[in-house]
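No experiment lies behind these values; they were computed from the predicted model shown. Chain letters run A, B, ... following the sequence lines, proteins first, then strands; residues in each count from 1.
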There are 2 protein chains.
Amino acid sequence: MSKPIGKVKDATPREAINSAAIRLFGAMGYNGTTMRDIAQEVGILAGSLYAHIDSKESLLAEIVQTGIEPYLAILRSLDGVALSPTEKLRAAIVTHVKVVAANPERTFVVFHEWRFLKEPYRAKVVKMRRRYGDGFTKIVADGVACGEFSSELVLRVSVFGILGALNWIPEWFSPDGPSSADEIGNQLADALIGGLRAPR
Amino acid sequence: MSKPIGKVKDATPREAINSAAIRLFGAMGYNGTTMRDIAQEVGILAGSLYAHIDSKESLLAEIVQTGIEPYLAILRSLDGVALSPTEKLRAAIVTHVKVVAANPERTFVVFHEWRFLKEPYRAKVVKMRRRYGDGFTKIVADGVACGEFSSELVLRVSVFGILGALNWIPEWFSPDGPSSADEIGNQLADALIGGLRAPR
DNA sequence: CCTACCGATCGGTAGG
DNA sequence: CCTACCGATCGGTAGG
């Protein structure tokens with residue numbers, strides 16, 4: 001009945017190292033994971049890792065960059081498609097969740113550990129993240145006032161949606177930004193409560 | 001014109017250590033910060049820190065626990081108050097954002113670094129986090145189908161709200177959970193797109 | 001709060 | 001992929 005937790009499809013040593021690193025970076029953080037931890041998970045000695053990778057940081061960089069790719073692919077697949085902004089936004093959200101679900105651990109590393117990359121890598125990742133945010137911005141901007149709306153309340157997801165939006169605030173909030181905390185709070189409340197309204 | 005970045009109100013050595021640790025844990029992560037980093041920021045030597053704190057981990061624990069407190073206070077202040085669920089949810093969201101704005105760095109540490117705490121501390125923090133989530137759940141459950149709805153679109157905040165909800169998914173998603181990725185995606189889309197609907 | 005230091009462990013390498 | 005090891009740095013302590 002218990003699922004065979006698997007490195008099942010780690011065909012190459014490099015793949016085994018990648019998936020071990022994803023697991024460990026996710027569970028203990030990049031800086032909390034040692035090369036010896038990774039080596040043990042793979043079943044080799046620490047020094048032997050360097051036959052397959054250049055450095056710990058390049059390993060993280062590869063995981064993060066490859067991990068963002070499918071998200072950027074979502075936007076590419078929707079670009080120029082004949083859908084209303086509402087339909088596009090729904091498609092982007094639904095597909096995003098599917099990509100998360102296909103590999104939650106990798107995604108966790110992508111969104112939490114990228115910031116420990118140093119400069120050659122960091123700039124590249126920052127650009128990719130910005131491109132993703134810009135894609136959503138464009139869809140929303142395109143559809144400021146069109147389409148239909150229907151809300152089916154589902155408690156669990158709604159609450160996680162609210163908490164996600166709230167807990168993400170420290171990632172983008174700036175005291176020097178254009179909106180006060182009060183304005184932001186009310187705008188978020190509008191956006192999030194809107195989704196909870198029962199259809200009449 | 002440049003603001004005086006200040007440890008201005010670090011009256012005691014312990015307060016200076018706390019605020020230095022908050023800055024550094026936020027910028028470089030708990031495991032990426034050394035006691036020597038903190039000591040340097042405070043202006044003393046590493047060993048001298050231990051005249052004021054017990055350990056690196058207890059320092060993080062104190063920051064995280066104290067940092068969650070004002071969030072739990074939001075729920076306490078709303079408990080038993082005569083407001084509709086819609087009003088309560090708005091109040092909770094708005095106040096949450098104000099607490100973030102009052103100390104974004106501390107909040108960043110609270111939501112990102114708590115997971116590096118080990119067991120005596122960790123259980124306590126997990127319980128506090130759960131209590132906060134439960135508070136929102138109760139408000140939402142209380143108001144499943146009542147109140148009015150009005151949406152004022154503000155691009156920036158809406159997009160960050162959407163990305164926050166999405167980027168938070170890996171924190172709670174489980175392949176063994178009650179909903180498929182597709183169900184979750186559509187429920188999130190309902191909730192988030194609802195807030196973008198132009199009022200008619 | 002400093003001097004002086006500790007055992008442990010880190011990322012990484014040379015040379016097979 | 002292993003043996004054997006490196007310089008650096010880690011969290012923390014003893015004794016003032």
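- Contacts between residues 45-65 of chain A and DNA chain D, defined by a heavy-atom separation below 4.0 Å, involve A:Leu45, A:Ser48, A:Ala51, A:His52, listed by number.
- Legend: residues meeting side chain to side chain donor-acceptor pair (under 3.5 Å) with B:Thr34, ordered by chain and number and at least two apart, are B:Asp37.
- Heavy-atom contacts of chain B under 4.0 Å fall on DNA chain D between two terminal nucleotides, which in 5' to 3' order are D:dC10 to D:dT13.
- Residues meeting the side chain to side chain donor-acceptor pair (under 3.5 Å) test with A:Lys98, sequence neighbours left out: B:Asp182.
- Under the rule for a side-chain contact (heavy atoms from CB on, under 4.5 Å), A:Ser77 has no partner lying at least two apart in sequence or in another chain.
- Here B:Phe108 pairs with B:His112 under the ring pair (Phe, Tyr, Trp, His ring centres under 6.0 Å) rule; sequence neighbours left out.
- The aromatic rings of A:Phe136 and A:His96 sit perpendicular to each other, their planes meeting at more than 60°, with 30° as the lower class boundary.
- In the region residues 31-38 of chain A, proximity to DNA chain C at under 4.0 angstrom, judged on heavy atoms, holds for A:Thr33, A:Thr34, A:Met35, A:Arg36.
- For A:Asn18, the side chain to side chain donor-acceptor pair (under 3.5 Å) test picks out A:Arg14, A:Glu62, with sequence neighbours left out.
- Contact annotation: the side chain of A:Val109 approaches that of A:Leu60 to within less than 4.5 Å [non-hydrogen atoms, C-beta and beyond].
- The distance from the CG atom of B:Leu83 to the CG atom of B:Leu78 is 7.0 Å, given to the nearest 0.5 Å.
- Paired regions of DNA chain C, where each region holds three or more successive Watson-Crick or G-U pairs whose two hydrogen-bonding distances fall under 3.5 Å, are C:1-16 with D:1-16.
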Is there a salt bridge (Lys or Arg N to Asp or Glu O under 4.0 Å) between B:Glu41 and B:Arg23 once you walk through the steps? CA-CA 10 Å; B:Glu41 185 97 350; B:Arg23 245 183 318 252; 2.9 Å; yes

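- Looking at residues two or more places apart in sequence or on another chain, you find a side chain to side chain donor-acceptor pair (under 3.5 Å) between A:Glu69 and A:Arg76.
- Between A:Tyr71 and A:Met128 the shortest side-chain heavy-atom distance does not fall below 4.5 Å.
- Less than 4.0 Å separates DNA chain D from no heavy atom of any residue of residues 112-121 of chain B.
- Taken to the nearest 0.5 Å, the CD atom of B:Gln65 stands 11.0 Å off from the CG atom of B:Leu72.
- Partners of B:Glu105 by salt bridge (charged side-chain N to carboxylate O under 4.0 Å, His left out), not counting sequence neighbours: none found.
- Residues A:Glu113 and A:Phe116 form a side-chain contact, since some pair of their non-hydrogen atoms from C-beta on lies under 4.5 Å apart.
- In this structure, CZ on B:Phe173 lies 10.0 Å from OG1 on A:Thr107, to the nearest 0.5 angstrom.
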